[in-house]
4 protein chains.
Amino acid sequence: MTFTIRNGNKINKQEYGDGEMRARLERERETRRESIIEATEQLLNEKTFESITMDDIAMRSDFAKASIYQYFKNKEELLIKVFSRILEIKCRLIKEKCLSQADPVQAIRNYIRLEFEFIRRYPWGPRVAATFPFIDYQEVNYLFALYEQKKKLIAAIIQRGQTGGIFVKADLDVFTNMIISAGVGFVNYFSTHMSSDLQSPEIEMFISTIIKGITKGEQ
Amino acid sequence: MTFTIRNGNKINKQEYGDGEMRARLERERETRRESIIEATEQLLNEKTFESITMDDIAMRSDFAKASIYQYFKNKEELLIKVFSRILEIKCRLIKEKCLSQADPVQAIRNYIRLEFEFIRRYPWGPRVAATFPFIDYQEVNYLFALYEQKKKLIAAIIQRGQTGGIFVKADLDVFTNMIISAGVGFVNYFSTHMSSDLQSPEIEMFISTIIKGITKGEQ
Amino acid sequence: MTFTIRNGNKINKQEYGDGEMRARLERERETRRESIIEATEQLLNEKTFESITMDDIAMRSDFAKASIYQYFKNKEELLIKVFSRILEIKCRLIKEKCLSQADPVQAIRNYIRLEFEFIRRYPWGPRVAATFPFIDYQEVNYLFALYEQKKKLIAAIIQRGQTGGIFVKADLDVFTNMIISAGVGFVNYFSTHMSSDLQSPEIEMFISTIIKGITKGEQ
Amino acid sequence: MTFTIRNGNKINKQEYGDGEMRARLERERETRRESIIEATEQLLNEKTFESITMDDIAMRSDFAKASIYQYFKNKEELLIKVFSRILEIKCRLIKEKCLSQADPVQAIRNYIRLEFEFIRRYPWGPRVAATFPFIDYQEVNYLFALYEQKKKLIAAIIQRGQTGGIFVKADLDVFTNMIISAGVGFVNYFSTHMSSDLQSPEIEMFISTIIKGITKGEQ
DNA sequence: AATGAATGAGAGTTCATTCAT
DNA sequence: TATGAATGAACTCTCATTCAT
């Protein structure tokens with residue numbers, strides 16, 4: 001199974017039947033926000049968030065430095081936006097590719113694979129998340145909400161597996177935390193320290209091990 | 001099982017028969033180096049290495065800023081020293097606490113627990129590792145050697161388990177990579193995003209899941 | 001004979017038919033560059049370039065220290081700009097005031113006087129030239145070219161004097177080097193160690209001595 | 001004529017018949033002062049005085065940095081000592097090599113040659129003199145006295161030449177200032193900007209020009 | 001006397017942010 | 001809205017000098 005991660009938000013060009021000035025301006029504004037975010041994402045592939053300067057972002061996004069502040073309150077808010085956009089996409093894809101799966105085993109498989117897709121698309125994710133100054137900004141609440149949403153989606157999958165007698169019995173919350181931590185943790189570490197190749201045999205071995213570990217009886 | 005991580009390098013007291021000035025000065029100097037390293041470790045609990053200033057370190061270690069430069073060439077050299085000291089300790093402890101175990105299952109359990117002990121002692125480890133400028137410094141070669149050493153130790157444990165018919169068959173290298181990534185990854189992620197409590201039930205569930213996944217037949 | 005040294009580069013006012021924003025900004029920018037250069041020149045009257053700090057320059061030019069870096073890459077680049085501007089002016093004036101003279105004796109007189117004018121206007125010239133880190137910057141090539149140009153101008157004067165049977169016979173290159181070294185050297189030393197008064201009798205005595213020394217027969 | 005500039009002050013080793021502790025200690029102290037001065041002179045061949053650090057001097061002279069302050073009040077005092085030692089030697093040599101000459105023309109020749117010898121031995125002289133902070137230190141008075149002494153020596157030579165009807169008539173002070181400025185100035189400039197080769201034909205041409213310029217009638 | 005250690009003061013430079021147009 | 005310009009605050013690192021032994 002291979003996903004292609006598409007940007008679900010970006011509005012590039014779209015015809016609108018009705019000439020509503022206000023809406024068009026709004027849309028253009030959003031487009032410019034997006035291009036700044038994209039520039040930032042590019043730069044995050046190259047260096048630390050802390051070491052990226054507003055000049056870098058301005059240069060890459062073809063805006064004047066001062067203009068960036070018309071779209072984002074400050075550097076940190078920009079980072080949060082970058083991050084939450086990715087989480088939104090991730091949540092949507094979990095719904096589409098995993099929750100829709102009738103078979104809980106397959107759903108879990110897909111979920112772990114999905115995390116891999118993301119790490120390939122945004123390899124700087126763990127690095128940036130690791131150093132993110134999560135506490136200081138209120139927009140972060142939205143980010144936390146997205147984390148919770150994701151957790152609920154995984155929990156739903158697991159519950160279905162337990163109800164169906166396929167997964168082992170365990171406190172649902174504990175089970176969910178464990179699966180997410182194991183999945184995301186493995187993916188982060190493996191791709192950072194060993195290989196980001198989606199075909200690496202370690203990945204399949206990890207998935208099998210986890211599946212075997214959480215299913216009742218033999219697979 | 002609980003480990004207590006001791007500093008394996010620090011020279012606190014040493015007997016010396018004769019008042020050899022030179023040697024005493026040398027030791028005092030080392031003590032001061034240590035206290036700077038310790039101040040840095042403390043600060044790493046609180047913020048990014050990049051965001052820690054030499055003023056911070058000076059303040060915390062009760063030296064004047066300029067004095068730090070008598071002990072470390074620059075900020076990066078200081079970080080490398082901090083980091084490699086920890087890796088040395090980790091390697092030593094793996095040998096002592098895991099490799100010495102006759103039972104492979106227990107050895108693997110101990111290893112994952114050990115990673116937890118470290119994350120509690122040095123919670124900033126993953127964060128710092130994630131942003132470390134690994135390429136630019138030659139001392140880094142030593143770190144890589146330590147990583148390899150660690151891998152060999154884990155491989156030895158796994159091989160014993162396979163030879164003894166306890167662990168599933170799989171390419172040794174793949175198996176080792178998988179175990180390390182799963183273990184370290186889970187530990188990093190769980191303690192960063194969820195809880196660093198050693199008693200969290202998720203930890204036991206993770207360990208059990210992995211053990212069940214890699215052992216033949218029923219547990 | 002008295003010269004008034006005018007700044008040949010500075011753009012103070014310029015007519016421009018149409019309100020071209022871009023051009024105006026460009027000009028304003030240049031004006032600000034000039035005022036930083038001028039502040040630096042002032043300070044060079046008071047102390048070594050090495051001992052002048054960016055804070056000094058900022059203070060004197062009424063900019064914030066950080067602003068200076070919008071106009072010059074660093075302290076050295078600023079010095080080079082200061083320096084090459086002066087050399088350009090000097091070359092231009094030699095052409096105007098000396099080469100244009102029909103009488104070689106008068107031309108040489110004027111040249112030595114000209115060096116005096118410069119030393120009065122930029123007394124720090126020799127001092128700065130003496131400590132300038134000439135090797136490290138590529139713009140320095142331009143300076144060397146100017147030095148060569150000046151030498152050619154003086155050589156032309158001397159050759160005319162030799163052809164006309166007025167100056168003694170001697171290798172043209174040797175003669176030129178001697179005249180420049182004697183002239184500039186005397187001027188530098190005398191004004192630094194004794195007096196920078198243009199009316200000092202030593203100056204006339206020096207000029208007479210040199211003229212007598214290089215002319216055939218009696219003057 | 002070629003001089004060899006010898007260090008006239010340095011006491012290296014000397015046997016003393018009588019065991020006067022005090023005097024020996026004094027001598028040893030002086031020896032150490034000398035070796036610091038010598039280290040500084042070496043370094044001045046390599047870089048600006050301002051850019052030479054006390055660490056450099058300590059390293060080169062094989063003292064601990066703090067020890068230097070036992071011999072010199074501060075960096076500037078050290079420089080003044082370096083300088084005045086050279087001037088002392090110069091004054092002595094003028095006496096020996098020039099003032100002793102019966103022929104005033106030959107004496108002037110020797111003097112200019114002597115300046116060349118010095119510039120070869122201490123090429124950094126003009127550079128350092130150019131940037132020296134002459135005003136702030138009282139030891140500088142001694143330096144000025146030496147300058148005056150030198151001037152008197154040259155004046156004596158010139159006066160003899162005038163009395164003997166060999167040199168042109170002119171105010172003695174003006175004449176002396178002119179000769180010193182022309183001589184030292186030429187030497188400084190020529191050796192800095194063109195060549196420090198003692199055999200360069202420009203040197204002989206300069207000397208001849210000056211001699212011709214200041215002598216009555218034909219040479 | 002000699003020196004290892006310590007340091008206040010300051011250097012040049014950078015950068016997120018704001019101002020003025 | 002867009003942006004060139006301006007800047008305060010902070011950074012790492014250096015150095016002449018002093019202290020304590």
Side-chain angles (χ1 to χ4, degrees), chain A residues 25 28-29 32 49-58 61-79, chain B residues 21-22 24-26 28-29 31-33 50-58 61-78, chain C residues 21-22 24-26 28-29 31-33 50-58 61-78, chain D residues 25 28-29 32 49-58 61-79:
Chain A
L25 288 176
E28 282 174 355
R29 187 176 165 78
R32 287 186 227 110
F49 179 68
E50 291 195 62
S51 74
I52 294 171
T53 72
M54 292 307 264
D55 271 307
D56 290 336
I57 296 171
S61 63
D62 264 324
F63 280 91
K65 184 164 49 163
S67 304
I68 306 215
Y69 288 84
Q70 305 251 344
Y71 296 95
F72 300 93
K73 215 171 69 219
N74 55 35
K75 205 186 165 194
E76 273 73 26
E77 209 221 57
L78 169 54
L79 180 61
Chain B
M21 193 55 142
R22 178 60 73 95
R24 211 197 73 215
L25 286 178
E26 201 58 49
E28 282 173 354
R29 190 176 167 77
T31 306
R32 286 187 293 258
R33 275 178 74 93
E50 290 193 65
S51 74
I52 293 172
T53 72
M54 292 308 264
D55 270 310
D56 291 335
I57 296 171
S61 62
D62 262 323
F63 281 92
K65 184 166 47 166
S67 303
I68 311 263
Y69 288 87
Q70 294 217 334
Y71 298 93
F72 298 94
K73 217 172 67 226
N74 53 36
K75 206 185 164 194
E76 271 73 27
E77 210 222 56
L78 169 55
Chain C
M21 192 56 141
R22 177 61 72 97
R24 212 197 72 215
L25 287 178
E26 200 58 48
E28 283 173 355
R29 190 175 168 75
T31 305
R32 286 186 295 258
R33 275 177 76 93
E50 289 194 66
S51 75
I52 293 172
T53 71
M54 292 308 264
D55 270 309
D56 290 336
I57 297 171
S61 63
D62 263 324
F63 281 92
K65 185 163 51 161
S67 303
I68 311 263
Y69 288 86
Q70 294 217 333
Y71 297 93
F72 299 93
K73 216 172 69 226
N74 54 35
K75 206 186 164 194
E76 272 74 27
E77 209 221 56
L78 169 55
Chain D
L25 287 177
E28 281 173 355
R29 187 177 165 78
R32 287 188 226 109
F49 179 68
E50 291 195 61
S51 75
I52 293 172
T53 71
M54 292 306 264
D55 271 308
D56 290 335
I57 296 171
S61 63
D62 264 324
F63 280 90
K65 184 164 47 163
S67 303
I68 305 214
Y69 288 84
Q70 306 249 343
Y71 297 95
F72 299 94
K73 216 172 68 219
N74 54 36
K75 205 188 165 193
E76 274 73 26
E77 209 221 56
L78 168 54
L79 180 61

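Throughout, a chain's letter reflects where its sequence line sits, starting with A, and its residues are numbered from 1. Heavy atoms only: backbone and side chains are in, while hydrogens, waters and symmetry mates are out.
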(message) Applying side-chain contact (heavy atoms from CB on, under 4.5 Å), can you list everything that pairs with B:E50, at least two apart in sequence or on another chain?
(response)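 Once residues adjacent in sequence are excluded, the partners of B:E50 under the side-chain contact (heavy atoms from CB on, under 4.5 Å) criterion are A:T48, A:E50, A:S51, B:T48.
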Identify, with sequence neighbours excluded, every residue that meets side chain to side chain donor-acceptor pair (under 3.5 Å) alongside [X].
| X | value |
| --- | --- |
| D:E28 | D:R24 |
| C:R33 | none |
| D:T53 | D:D56 |

(message) Give the dot-bracket line for DNA chain F from 5' end to 3' end: parentheses for intra-strand Watson-Crick or G-U pairs under 3.5 Å, square brackets for crossings, | for inter-strand pairing, dots for unpaired.
(response) .||||||||||||||||||||
(request) Starting at the 5' end of nucleotides 7-14 of chain F, put B wherever the base has a protein heavy atom under 4.0 Å, S where only the sugar-phosphate does, and a dash everywhere else. (result) BB--SBBB
Restricting to salt bridge (Lys or Arg N to Asp or Glu O under 4.0 Å), what partner residues turn up for [X], sequence neighbours left out?
| X | answer |
| --- | --- |
| B:E26 | none |
| B:K75 | none |
| A:R29 | none |

Distance in angstrom units between [X] [atom1] and [N] [atom2], rounded:
| X | N | atom1 | atom2 | result |
| --- | --- | --- | --- | --- |
| D:L79 | F:dA16 | CG | P | 13 Å |
| C:R24 | F:dT3 | CZ | P | 17 Å |
| B:E28 | E:dA5 | CD | P | 8 Å |
| A:Y71 | F:dT1 | OH | C1' | 7 Å |
| C:I57 | E:dA11 | CD1 | C1' | 12 Å |

(request) Identify whether any heavy atom of D:F72 sits under 4.0 Å from a base atom; if not, whether one sits that close to sugar-phosphate; answer base, sugar-phosphate or nothing. (result)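 No contact.
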(request) Measure the shortest side-chain to side-chain distance between D:F63 and D:R32 over non-hydrogen atoms and say whether it is less than 4.5 angstrom. (result)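 They are in side-chain contact.
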(request) With the side chain of A:R29 defined as its heavy atoms from C-beta on, choose the nearest nucleotide among F:dT1, F:dA5, E:dG4. (result)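 Output: F:dT1.
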(message) Working to the nearest 0.5 angstrom, can you tell me the gap between B:L78 CG and B:I68 CD1?
(response)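 Interatomic distance, B:L78 CG to B:I68 CD1, rounded to 0.5 Å: 7.5 Å.
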(request) Please state whether the phosphate of F:dA2, meaning OP1 or OP2, lies under 4.0 angstrom from any side-chain nitrogen or oxygen of A:R32. (result)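 Checking F:dA2 against A:R32, a side-chain N or O does come within under 4.0 Å of OP1 or OP2.
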